[in-house]
Colleague: 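Have a look at this one before I ask anything.
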2 protein chains.
Amino acid sequence: MLNLTLKQLRYFEALARHGHFGRAAETCAISQPALSMQIREMEAVLGSELFERGARQVRLTGFGEDVLLRAREILREVDELADIARAARGSLSGRLRIGVIPTIAPYLLPAIIARLTEANEGLDIHLRETVTPKLIRELEEGRLDTAIVALPVSEPFLTEVDLFTEDFVLVRPGADAEKPVPQPEKLREMRLLLLEEGHCFRDQALSFCYAGQAAPRELLDGSSLSTLVQMVGAGIGVTLIPEMAVAVETRSAHVAIARFNGTQPSRRIGMVWRRTSPLSKQLMQVAEVVRAAGLAQRAGA
Amino acid sequence: MLNLTLKQLRYFEALARHGHFGRAAETCAISQPALSMQIREMEAVLGSELFERGARQVRLTGFGEDVLLRAREILREVDELADIARAARGSLSGRLRIGVIPTIAPYLLPAIIARLTEANEGLDIHLRETVTPKLIRELEEGRLDTAIVALPVSEPFLTEVDLFTEDFVLVRPGADAEKPVPQPEKLREMRLLLLEEGHCFRDQALSFCYAGQAAPRELLDGSSLSTLVQMVGAGIGVTLIPEMAVAVETRSAHVAIARFNGTQPSRRIGMVWRRTSPLSKQLMQVAEVVRAAGLAQRAGA
DNA sequence: GGTTCAACATAAGTTCATCTTATCGTTGCA
DNA sequence: TGCAACGATAAGATGAACTTATGTTGAACC
């Protein structure tokens, strides 16, 4: 069994550098016999002498020189490992894998990334945009550190942090701008455009329009909110979008935005991560950044 | 102060591989609490958690994965260091720096190198050919491991090993082949060709011809024995050469070889190395090889 | 040629890190 | 609700590594 220690490598390097047991021991902050013993032990482990002990000088053997090169390499790598750790434990740094649902990602991510990278030097953000069930799976498998989704998720292994509530607004063709805002029930009689299956926002919109009722008959599906808004602009129907999307999606399309009367349709947005994640503390910081970004985005809407 | 240990890196690697404290501890041949403690200690040193301890599984954190890559690299290098040591301590191997004086090198080295490299796989021979004082200096400075020279050297820091004695023979023009062999005193009246200053063989030849007497008047110097023999062949004078050189140097030249009557002029050839050299044991082996090569070379003369 | 100094090795004792056994707390499962 | 698996914790035991004190050897100096 090989039983070299890093301590021995450090002592060895010091002795090779000084060529003198006493001075090398001093720089290692140990006594001279302690250094002698460790060098001797190291030689025993390696099976060859590393130094040639003369009366006036201590010199590396040829073998010792080979070992020295290797030892310095090893010590350098170990110190780098320590550097990695130091960089990593300082607040937010290192790799951070964030999952985001598609109905949030385009509107919130630019601000989040800007704020996070600006305030945290060595932070390396990886993003994943997909629907909630996939995000949950990837969290469980340890392939994501956190996800920004609509709450509740109700997975026992996840911690949920509530960030903010966002309302849904009605998107109508521009020509309807002056018409009265319809009641939710009226929406069933209009052609309602929705996202494809799998998006939580589809379900949220449906539950608002068809609260407690059976599923609708025929619906036209779009693959993104952007597509839906364009379709509305073309007069094909109406849709709901989260208020955060308003600023971005209504810029080019000829559509009108209307808020509902009475209780607003809405959803709670939050962040989730594994309850056991050691990043909890840092993720709490991230959550604050996301909350601030979300509120700012809504204010701009 | 950084206080990582290789032991911790090994434990860490095992735990990362197994994802299970109990089994990892088993492969490390320690108890489970011991492993827990070392991992905890390592996390404390690095300042971040390496593993995410779930109820059913132990998984690396992102930081832990970074550390794992580095740790595996380090462990690999340490093991390689052990390999180097194992290869090095097997009899004769690794770098061997041999110095040889010029009046021996051409005649003995081919046989020595052949024998040494044939019998010892990983032996890497470096050669240095120069005059004795320079060899001594380089030995002292640790730039050579051993030297083959004429004894005695009488340097207190060197170990001398006697290898063999070689006689000097007279080289005369081919036309003189049948003449009686002159007494040493007669040589003073003949034109004696010698090596340049600095070669010990020059001094040895002089002390034979001018035993106890003052230095000669004018001498013609050659830079090598080969040159001297060629000069003799051209009828310029006579010279002495070590018997080992006879086979090689008289092959092409038109010269006659003669042994002196009575006590032969000679010198002792030996190997020297630093008394403190850890290679002593191996160098003794080398000395035996050199001795055998020298005897074989003389026999062939 | 003895003496002294410098420097590394050795010895004995102590300290402290690390290991072991035993036990607890939590979590998931029947 | 009890059980089983698993990691954390606690306390005592062991052994590696350090310290101080002393020995040994070679080099330099008078």
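Keep in mind that the numbers below use all heavy atoms, side chains included, and drop hydrogens, waters and symmetry copies. In what follows, every chain begins at residue 1, and chains take the letters A, B, ... in the order their sequences are listed.
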Colleague: For C/dA9, does OP1 or OP2 lie under 4.0 Å from any side-chain N or O of A/Arg53?
Modeller: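 Yes, A/Arg53 has a side-chain N/O under 4.0 Å of OP1/OP2 on C/dA9.
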
Colleague: Please tell me if A/Lys7 has a side-chain N or O lying less than 4.0 Å from either OP1 or OP2 of D/dC18.
Modeller: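 For A/Lys7, the contact criterion (side-chain N or O under 4.0 Å from OP1 or OP2 of D/dC18) is met.
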
Colleague: Is the side chain of B/Glu49 donor-acceptor paired with the backbone N or O of B/Glu43 at a distance under 3.5 Å, no angle test?
Modeller: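 Looks like no, no N/O pair under 3.5 Å.
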
Colleague: Determine whether a donor-acceptor pair (N or O, by modelled atom type, separation under 3.5 Å) exists between the side chain of B/Thr159 and the backbone of B/Val272.
Modeller: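 Answer holds: no.
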
Colleague: Mind calculating the distance between CD (A/Glu52) and C1' (C/dC8) to the nearest angstrom?
Modeller: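 Going from CD in A/Glu52 over to C1' in C/dC8 covers 15 Å.
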
Colleague: Between P on D/dG7 and CZ on B/Arg59, what's the gap in Å once rounded to a whole number?
Modeller: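 Computing the B/Arg59:CZ to D/dG7:P distance gives 14 Å.
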
Colleague: Please state how far atom CZ in B/Phe21 lies from atom P in D/dT9, giving the value in whole angstrom units.
Modeller: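 Interatomic distance, CZ of B/Phe21 to P of D/dT9: 11 Å.
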
Colleague: Starting at atom CD of A/Glu41, determine the distance to atom C1' of D/dG15, rounded to an integer number of angstrom.
Modeller: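 From A/Glu41 CD to D/dG15 C1': 13 Å.
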
Colleague: Give the C-alpha distance, both sets of side-chain angles, the deciding distance and a yes or no for side-chain contact (heavy atoms from CB on, under 4.5 Å) between B/His18 and B/Glu26.
Modeller: CA-CA 10 Å; B/His18 290 95; B/Glu26 193 177 357; over 6 Å; no

Colleague: Rounded to whole Å, how long is the line connecting atom CG of A/Leu6 with atom P of D/dA17?
Modeller: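 In whole Å, D/dA17 P lies 13 Å from A/Leu6 CG.
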
Colleague: Please list each protein N or O that sits under 3.5 Å from an N or O in nucleotides 19-25 of chain D, with the distance.
Modeller:
residue, atom, partner, partner atom, Å
D/dT19, OP2, A/Ser31, N, 2.7
D/dT19, OP2, A/Ser31, OG, 2.8

Colleague: Please compare B/Phe157 and B/Gly19 by the position of their nearest nucleotide in DNA chain D and report the one closer to 5'.
Modeller: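 Checking each residue's closest nucleotide, the 5'-ward one belongs to B/Gly19.
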
Colleague: For B/His18 and D/dC6, give me the distance from atom NE2 to atom P, rounded to whole Å.
Modeller: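 From B/His18 NE2 to D/dC6 P: 13 Å.
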
Colleague: Within the pair A/Gln38 and D/dC18, is there a side-chain N or O less than 4.0 Å away from OP1 or OP2?
Modeller: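 For D/dC18, OP1/OP2 do have a side-chain N/O of A/Gln38 under 4.0 Å.
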
Colleague: Report the distance from atom CD1 of A/Ile39 to atom P of D/dC18, rounded to the nearest whole Å.
Modeller: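 Checked: the CD1 to P distance equals 11 Å.
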
Colleague: Could you tell me whether the phosphate oxygens of D/dC18, OP1 or OP2, come under 4.0 Å of any side-chain nitrogen or oxygen in A/Tyr11?
Modeller: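 Result: yes.
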
Colleague: Tell me every residue that passes salt bridge (Lys or Arg N to Asp or Glu O under 4.0 Å) with B/Glu65, counting only those two or more places apart in sequence or in another chain.
Modeller: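 So B/Glu65 forms a salt bridge (Lys or Arg N to Asp or Glu O under 4.0 Å) with A/Arg95.
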
Colleague: Ignoring hydrogens and angles, tell me if any N or O in the side chain of A/Arg291 forms a donor-acceptor pair with the backbone of A/Asp162 under 3.5 Å.
Modeller: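 Looks like yes, one N/O pair under 3.5 Å.
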
Colleague: Could you check if a side-chain atom of B/Ile101 sits within less than 4.5 angstrom of a side-chain atom of B/Ile148, using non-hydrogen atoms only?
Modeller: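 Side-chain contact under 4.5 Å: no.
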
Colleague: B/Glu155 CD to D/dA27 P: how many Å, rounded?
Modeller: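 To the nearest whole Å, that distance equals 11 Å.
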
Colleague: Is the closest basic N to carboxylate O distance between B/Arg10 and B/Asp79 below 4.0 Å?
Modeller: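 Between B/Asp79 and B/Arg10 there is a salt bridge, with a charged N closer than 4.0 Å to a carboxylate O.
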
